[in-house]
2 protein chains.
Amino acid sequence: MVTIIEIAKLSNCSVSTVSKALNNYPDVSEKTRKRIMKIAADAGYIPNATAQSLVRKKSNTIGVVYEVERGLKNLFFSEVLDAFRATIEQKGYDILLLSNKSNRGLDYVDHSRFKQVDGVLIVAGGRNLDAINRMKENLLPVLTLDPPLELKNAIYSNSYEGIKKACGYLYQLGHRRIAYIQGDPETLIGAQRHQAYQDFIEEKALKPIIAEGRFNTYYSMEEGYQTMQTIFERHGLPEAVCAASDLMALGAMRYLRSNGFSIPDDISIIGFDNLQFCEIVEPRLTTVKQDYKHIGTIAGETLLNMIENKTLDFEPILVETSIVVRDSCKKRQ
Amino acid sequence: MVTIIEIAKLSNCSVSTVSKALNNYPDVSEKTRKRIMKIAADAGYIPNATAQSLVRKKSNTIGVVYEVERGLKNLFFSEVLDAFRATIEQKGYDILLLSNKSNRGLDYVDHSRFKQVDGVLIVAGGRNLDAINRMKENLLPVLTLDPPLELKNAIYSNSYEGIKKACGYLYQLGHRRIAYIQGDPETLIGAQRHQAYQDFIEEKALKPIIAEGRFNTYYSMEEGYQTMQTIFERHGLPEAVCAASDLMALGAMRYLRSNGFSIPDDISIIGFDNLQFCEIVEPRLTTVKQDYKHIGTIAGETLLNMIENKTLDFEPILVETSIVVRDSCKKRQ
DNA sequence: GTGAAAGCGCTAACAC
DNA sequence: GTGTTAGCGCTTTCAC
């Protein structure tokens with residue numbers, strides 16, 4: 001590995017001059033700068049980021065904490081992360097993957113310190129507020145996506161307005177008996193979505209159609225199936241269904257179809273998330289899109305900002321959703 | 001940030017004794033070791049990995065290169081990476097994400113050097129062999145998954161046997177008019193799968209049913225749809241279809257269904273990959289499973305091995321596939 | 001405009 | 001067993 005010392009020798013300069021030339025300092029003559037640059041390039045010199053980090057006290061690396069249990073394999077994570085990466089990469093930052101379980105006995109807070117990251121993005125892992133506070137104690141900028149509790153330093157999709165939009169869309173198609181398949185009303189997101197449905201129903205003076213008492217913690221297909229069954233048995237067939245997740249919408253579709261109902265002819269159904277499979281299932285699922293790309297970009301910009309300005313707090317950011325119209329909803333005859 | 005020097009002062013020892021104690025060197029008395037450990041813990045001491053890397057010339061970080069264009073959002077990547085991470089994490093390694101496009105003008109080879117990673121995993125990005133060779137020149141252990149060309153230092157699914165198994169399964173169900181929807185026969189994987197079909201047909205003395213001349217570069221739904229159409233128009237309805245990817249299988253299903261055929265009653269169909277949506281579509285797609293988890297684990301073990309033994313080469317590893325039986329194939333009446 | 005030298009936090013000879 | 005010291009490769013005062 002060729003070091004800055006070799007370059008100094010090759011160019012008959014001191015290491016400090018070489019360093020300044022390489023880093024575009026103003027106080028080195030244009031001529032020697034060019035000369036040194038060329039020599040370095042010819043010699044195949046690549047700086048050593050580790051050495052730079054040590055002296056600059058800056059690693060140009062951002063830690064990304066994610067839930068091992070859920071893995072990388074949810075679209076939420078991968079789409080957000082892609083946009084996040086693109087944003088921070090422009091400023092020369094790299095991503096270090098940090099699992100929420102620890103490496104060598106360190107939890108992710110200590111691990112972040114150990115690896116000297118400049119900031120931390122916690123994706124869907126904010127379960128423990130304590131960790132976030134410890135990050136801040138360590139003067140580490142930290143940012144959370146979709147935490148389970150109302151939190152500072154967080155970026156959310158506007159779930160409340162999202163469900164309102166969904167119900168509004170169904171209403172506009174002429175539906176009045178609109179059922180809701182809830183998530184887990186004890187979490188922040190679940191509560192917001194639930195509240196949105198209730199408010200909507202009240203505003204339009206409709207009758208709520210819901211499987212009271214259910215807590216769909218996983219937003220899964222199976223839960224959607226069962227919730228739809230409960231609703232059907234208690235209330236009969238609604239005109240439309242709004243589900244708090246795409247997977248639950250899909251589960252509901254399954255139940256309805258296996259009972260001989262056709263979608264969207266007999267009943268309209270709308271999901272929430274806009275996962276990839278919305279395009280693949282039949283009928284293609286109309287849904288509320290969470291703007292993952294925007295969330296990732298904003299997260300990147302915000303975190304860079306915090307790093308550069310050494311701020312540790314910012315107010316929550318809400319990202320708007322939008323309806324993606326496909327084939328699972330239809331105007332009421 | 002509390003450093004080793006503080007701990008030395010607090011414990012009235014030299015820095016070297018502290019370092020040795022912290023790193024479990026044998027030549028420090030059990031008593032002082034315990035004492036120092038306690039003082040360090042109480043002081044909230046966390047070692048500085050950057051400083052350690054600099055002097056040890058080892059970062060305990062592995063670079064993962066992936067294709068920005070495809071993003072993180074393919075199941076292949078995320079499942080493999082999850083298993084890979086779990087494996088290397090046990091040995092104290094972290095993952096640094098490296099996009100195949102560069103950061104600050106460095107390509108990923110130079111970037112890997114810059115960040116001093118100990119080894120590199122290239123996921124589905126081996127398009128340029130040159131980069132891999134440059135890695136090796138730099139004495140960096142490098143390993144590739146699913147490269148487009150036959151390559152050393154690579155781990156593959158056994159595509160050839162996979163397609164053979166698929167065709168064998170259809171045959172065993174009683175089908176004889178078995179069509180094949182190919183990928184891109186000009187790539188390694190495409191060629192292997194194609195060859196497997198041809199060999200199978202020959203062995204069983206069947207008639208090949210294939211859309212000659214097509215190159216399905218993306219293995220996409222759209223390509224599957226069109227290829228199925230071509231096959232149908234040229235050869236009529238086969239008894240079964242073997243597709244070189246799940247997405248193409250899905251496209252074929254679409255085409256067949258929109259022409260009034262029922263799956264699996266009128267025609268059986270099998271895919272390749274075992275993507276998540278296989279469980280979600282109707283009928284659930286029978287397919288050849290690529291063992292992503294195993295690939296990731298093997299990749300981790302192999303790379304760690306290379307790093308520890310300073311080897312730069314290993315012979316290609318083939319990972320076996322298996323059939324996942326679901327609902328899209330049926331015994332011929 | 002250039003160079004000498006201190007030091008980032010840590011490890012590892014080597015001496016005692 | 002413990003301490004002294006020389007670096008790892010680089011940046012950054014400060015003096016010239």
Side-chain angles (χ1 to χ4, degrees), chain A residues 1-37 39-40 43-61 92 104 106 110 112-118 138-139, chain B residues 1-37 39-40 43-61 92 104 110 112-118 138:
Chain A
M1 289 300 88
V2 32
T3 76
I4 207 176
I5 297 180
E6 323 275 317
I7 307 300
K9 282 178 189 156
L10 286 173
S11 60
N12 292 316
C13 290
S14 68
V15 282
S16 56
T17 304
V18 173
S19 172
K20 285 170 190 164
L22 259 24
N23 290 291
N24 289 318
Y25 274 53
D27 61 345
V28 50
S29 79
E30 187 63 6
K31 211 169 75 186
T32 49
R33 221 198 81 243
K34 282 238 168 85
R35 199 167 57 84
I36 290 175
M37 293 295 246
I39 293 174
Y45 170 78
I46 302 277
N48 181 329
T50 304
Q52 290 181 332
S53 300
L54 186 59
V55 45
R56 287 180 176 156
K57 295 184 176 309
K58 182 132 191 304
S59 64
N60 273 270
T61 302
R104 18 173 53 200
L106 299 176
D110 290 343
S112 300
R113 279 223 280 155
F114 175 56
K115 285 287 196 166
Q116 309 292 119
V117 300
D118 297 330
N138 289 320
L139 306 179
Chain B
M1 291 300 87
V2 30
T3 75
I4 208 176
I5 298 180
E6 325 273 317
I7 308 300
K9 282 178 189 157
L10 287 173
S11 59
N12 291 318
C13 289
S14 68
V15 283
S16 58
T17 305
V18 174
S19 172
K20 286 169 190 164
L22 259 24
N23 290 291
N24 289 318
Y25 272 55
D27 60 345
V28 52
S29 78
E30 187 64 5
K31 210 169 73 186
T32 48
R33 220 197 83 241
K34 282 239 168 84
R35 199 168 57 84
I36 289 175
M37 293 295 246
I39 292 175
Y45 170 78
I46 302 278
N48 180 329
T50 304
Q52 290 181 332
S53 300
L54 187 59
V55 48
R56 287 181 176 156
K57 295 186 176 311
K58 183 133 188 310
S59 63
N60 274 268
T61 301
R104 17 171 56 200
D110 290 341
S112 300
R113 279 223 279 155
F114 175 56
K115 285 285 196 166
Q116 310 292 119
V117 300
D118 297 330
N138 291 320

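Heavy atoms only: backbone and side chains are in, while hydrogens, waters and symmetry mates are out. First the proteins, then the strands, lettered A, B, ... as listed; each starts at 1.
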Could you tell me whether A:D27 contacts a base, only the sugar-phosphate backbone, or nothing, with contacts defined as non-hydrogen atoms closer than 4.0 Å?
base
Closest listed nucleotide, where the reference is the side chain of B:S14 and the choices are C:dG3, D:dT12, D:dT4:
D:dT4
Would you say NZ of B:K58 has more than 12 non-hydrogen atoms from neighbouring residues, nucleotides or ligands within 6.0 angstrom?
yes
Taking CG from B:N24 and C1' from C:dT11, how many angstroms apart are they, rounded to a whole number?
15 Å
Given atom NZ of B:K58 and atom C1' of D:dG9, what is their separation to the nearest angstrom?
19 Å
Checking all strands, does B:S29 fall into the base, sugar-phosphate, or nothing category for heavy-atom contacts under 4.0 angstrom?
sugar-phosphate
B:E6 has an atom CD; how far is it from atom C1' of C:dG9, in whole Å?
11 Å
Does A:Q52 make a side-chain N or O approach to OP1 or OP2 of D:dT11 shorter than 4.0 Å?
yes
Rounded to the nearest Å, what distance is computed from the CZ atom of residue B:F114 to the P atom of nucleotide D:dG9?
15 Å
State, yes or no, whether a side-chain contact exists between B:Q52 and B:P47 at a heavy-atom distance under 4.5 Å.
yes
Do A:Y45 and A:I39 have side chains that get closer than 4.5 Å, going by heavy atoms?
no
Need one value for A:K57: base, sugar-phosphate or nothing, where a base atom within 4.0 Å counts as base even if backbone is also close, heavy atoms only.
sugar-phosphate
Closest to the B:K20 side chain, choosing from D:dT11, D:dG9, C:dA13:
C:dA13
Using the closest heavy atom to pick a nucleotide of DNA chain D for each, name whichever of A:S19 or B:N12 lands nearer the 5' end.
B:N12
Atom-to-atom span, CD of A:Q116 to P of C:dG9 - whole angstrom
9 Å
B:N48 vs A:Q116 side-chain heavy atoms within contact, under 4.5 Å:
yes
Of the options D:dT5, C:dG3, C:dC10, whose atoms approach the side-chain atoms of A:T17 most closely?
C:dG3
For a quick check of understanding: with a heavy-atom distance under 4.0 Å over all strands, which category does B:T32 fall into, base, sugar-phosphate or nothing?
sugar-phosphate
Side chain of B:L54 only, please: which of D:dT2, C:dG9, D:dT11 is the nearest?
C:dG9
What does A:T3 touch in the nucleic acid at a heavy-atom separation under 4.0 angstrom: a base, only the sugar-phosphate, or nothing?
sugar-phosphate
A:S11 side-chain N/O to A:I36 backbone N/O, donor-acceptor pair under 3.5 Å:
no
Taking N and O atoms by type only, does the side chain of B:K31 place a donor or acceptor under 3.5 Å from a partner on the base of D:dG1?
no
Are A:E6 and A:K9 ion-paired here, with the side-chain N under 4.0 Å from a carboxylate O?
no
Measure CZ/B:R33 against C1'/D:dG1 and give the value in whole Å, please.
14 Å
Proximity to the side chain of A:P47 - top-ranked nucleotide from D:dC10, C:dT2, C:dT11
D:dC10
Quick check on D:dT11: is either OP1 or OP2 less than 4.0 Å from any side-chain nitrogen or oxygen of A:N23?
yes
Considering only heavy side-chain atoms of A:S16, the closest of C:dT11, C:dG3, D:dT11 is C:dG3
Using atom CD1 of B:I5 as one end and atom P of C:dG7 as the other, report the distance to the nearest whole Å.
11 Å
Compare side-chain N and O positions of A:Y45 against OP1 and OP2 of D:dC10 and report whether any pair is under 4.0 Å apart.
yes
